[in-house]
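Residue numbers run from 1 in the order of the sequence given.
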Amino acid sequence: MAKLTIDGIEVEVPNGSSVLQAAEAAGVEIPRFCYHERLSVAGNCRMCLVEIEKMPPKPVASCAQPVSEGMVVHTDSEMVRKGRRGVMEFLLINHPLDCPICDQGGECDLQDEAVAYGRDGSRFQEDKRAVPTPDWGPLVKPTMTRCIHCTRCVRFTTEVAGTAELGATYRGESTQIGTFVQKALTSELSGNIIDLCPVGALTSKPYAFTARPWELRKTDSIDVLDALGANIRIDTRGPDVLRILPRINDDVNEEWLGDKSRFSVDGLKRRRLDQPWLREHGKLRKASWEEVFEALTNKLKATAPERIGTIAGDLVDVETLFAQKSLFASLGSPNLDCRQDGALFDASRREFYLFNSTVAGIDDADALLLIGTNPRHEAPVLNARIRKRWLAGGFEAAQIGDAGDLTYPVTRLGADAAALSGLLDGSSPFAAVLANAKKPMIVLGAAVLARPDGAALHALAWQLAAQCGALTPEWHGFNVLHHAAARVGGLDVGFLPGPGGKTTREMLAGGVDLLWLLGADEADLSALPAATFVVYQGHHGDKGAARADLILPGAAYTEKDATFVNTEGRAQRAQVAVKPPGLAREDWRIIRALSAYAGHVLRFDDLEELRAQLAKSNALFGQAEFRRLGNAALAAPAGLGQVAGGAPLKPVFAAYHQTDVISRASPTMAACLASLTTQAEAAE
């Protein structure tokens, strides 16, 4: 630790810290443009100048200056003020005066620091430089005339995203930041460079000229388009969601957000179900709530409980799952399942289906085995965390199954389950890596669990974790990477077949006469008998609604107060940002109203009472501790049996941008997919 004095404040910081970091620890503000705490130090902008005693009498860039014992720093001397004014004047030489039409206006670092630290006028009289506007795809709108060459975007794509698509060409005043050859950005995290850009050079193309920040109402919420549960902020104006931005949570998403979660916001307004529908004479017609409740009640009464079933989809909140389970318990039906992909595995203990190492625990791991998963598509922010760990060194990764470029090197062990057997018997070279690792991680993809031999592979992966020392009192290295935001919550609630109950596969094969699809749009309905009466409850007119005989319009995640449990078992709350459209209502309210109409009144009348019952039935909700310790002595999951040889372990998603009802309804996501497809075809 080094002690130094900054503006008369004595502070102690770790050796190797920069003066700028020490100033932050002391609560002293130093302006900066190029410095970012999650990126490497570039020292480009020179805005963070300070004066240090007993050093040459000139301003020093604090972001690149390491601290030393007894150092005395001045951040607001006359020399520093004069230096910052000069730097700001140079930065503004070629910057256009288009703040009134710039989307960054009102939340621009350059504006703020020009007012706080710059001169009150400019001495520049020559013509300003202009830069051609490139095309980086449907998401990021570059206006490079405004660029101040801070290189934050370059460092992000190279270091965090791992795609190295941006860089600087030419020299001096002619320097330009770009993609070298004109192409669309291919990273699933490209939207984060918009947040990183301290000026208006990079803005959101779908959001362009839509609103000013002071017009927006801001609501903290949780992303549900993957199972990571990234913390987000929803910006709304009136009844519309205009943009979604990440919030900082170092334990989950740091400050990054995937492009699908950020830009599919326009899918929330399209293909929406805003009123009930009832099928008569083969055609759906608009109906009132009373009509659909009466029709559904009559159908429930006319159907034996064992012939009634429900399947929950990927975007359903915990409160709705609990309400639906309570309703089916009162109806006497054990046929319910939250695994719409048909996965069958032992869910008797939480450790069997959670990402037990936790997202933050990736930073401590020293070996990784991916089994049938592509985290770059299934959880891009988590994949960036794995890359961050690889960059730190002392980390090896291997993969069973081929998922393409993961942005960090992996050893391909094979495409099928035979590679897993090689690790168990020690014949695979990577078996020694896992055995010698102090904190190995094994990540099992959700797609593996959906295979016919998924339960056997699940048990084999647990057995490997126990064998290689991943289940110890200090470390839990067995992980399941889910892709559905509702999956862990459903398993925690116990939204699973009861005694004698039917699974998803059995219900879809004609095992029920009335099937209630609770936002289940990814289930394969092709084998469902035509005579089956289908109730669809959800917020988008997608595959489930197309097959439905009765439609109950629900609320999207931006339109309700709800709880979601992420892949590591962390319960988080989403908050209502806008009201549901038309006659749509929150899903748990629909279920509660139907229960009263059908004569099976549930024992709660509002959200607080529902959550109180939820916490009473499952004490896991509301807990703050998520790190679980391993125990190799515990029994492996049930299901160890025959593994289908030769069948490759494939990830669940072939493409990233359209994986759920919201992203499939988004024109922006469709444009991304079309752009990347065209670009890939041109490259072949």
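For the pair Ala486 and Leu315, the tightest heavy-atom approach, listed with the atom from each and the gap, is CB-N, 4.1 Å. Between Val448 and Leu444, the closest heavy-atom pair is CG1-CD1, 3.8 Å. In terms of heavy atoms, Tyr353 sits closest to Val488 at CE1-CG1, 4.2 Å.
In this structure, Leu245 and Leu257 have side chains that are not in contact, with every pair of non-hydrogen atoms separated by 4.5 Å or more. Here the side chains of Glu306 and Ser333 are not in contact, with every heavy-atom distance at 4.5 Å or above. Side-chain contact check for Asp521 versus Tyr536: some heavy-atom pair is nearer than 4.5 Å. Side-chain atoms of Asp337 and Phe495, non-hydrogen and from C-beta on, never get closer than 4.5 Å to each other. Proximity of His539 to Tyr557: side-chain heavy atoms (C-beta onward) are nowhere separated by under 4.5 Å. Contact check for Asn356 versus Val480: no side-chain heavy atoms found under the 4.5 Å cut-off.
Crowding of Lys218 atom NZ: a count of heavy atoms from other residues, nucleotides or ligands under 6.0 Å exceeding 12.
Taking the centre of each ring, His458 and Phe345 come in below the 6.0 Å mark.
A salt bridge between Arg376 and Glu188 is present, with a side-chain N of the basic residue lying under 4.0 Å from a carboxylate O of the acidic one. Salt-bridge annotation for Arg243 and Glu107: present, with a side-chain N of the basic residue lying under 4.0 Å from a carboxylate O of the acidic one. Look at Arg589 and Glu586 and you find a salt bridge, because one of the NZ, NE, NH1 or NH2 atoms lies within 4.0 Å of a carboxylate O, short of that distance. At a threshold of 4.0 Å, the pair Arg233-Asp220 does not count as salt-bridged, since none of the basic side-chain nitrogens sits closer than that to a carboxylate oxygen. By the 4.0 Å N-to-carboxylate-O rule, Arg285 lies close enough to Glu280 to be salt-bridged with it. Ion pairing between a basic and an acidic side chain is recognised when a charged N comes within 4.0 Å of a carboxylate O; Arg451 and Asp453 show such pairing. Salt-bridge check for Arg487 with Asp341: passed, with a basic side-chain N closer than 4.0 Å to an acidic carboxylate O. Ion pair Asp542/Arg664 flagged as a salt bridge, since at least one NZ, NE, NH1 or NH2 atom sits closer than 4.0 Å to an Asp/Glu carboxylate oxygen.
At a cut-off of 3.5 Å, with distance as the only test, a side-chain donor of Ser190 or Asp259 sits close to an acceptor on the other residue. Between the side chains of Asp587 and Gln537, at least one donor N or O sits under 3.5 Å from an acceptor N or O. For Gln324 and Thr310, the side-chain atoms include at least one donor-acceptor pair closer than 3.5 Å. Side chains of Arg247 and Asn253: a donor-acceptor N/O pair is absent below 3.5 angstrom, by distance only. Residues Thr236 and Arg217 bring a donor and an acceptor atom of their side chains to less than 3.5 Å of each other. Side-chain contact of Thr303 with Asp513: a donor-acceptor pair under 3.5 Å is absent, judged by distance alone.
Distance check, rounded to the nearest 0.5 Å: OG1 of Thr358 to NE2 of His476 gives 11.5 Å.
Classified by interplanar angle (parallel below 30°, tilted 30° to 60°, perpendicular above 60°), the ring pair Phe352/Trp462 is perpendicular.
Proximity of a side-chain donor or acceptor of Asn618 to a complementary backbone N or O of Leu614 within less than 3.5 Å is not detected. In this structure a side-chain-to-backbone donor-acceptor pair under 3.5 Å is present from Asn479 to Gly477.
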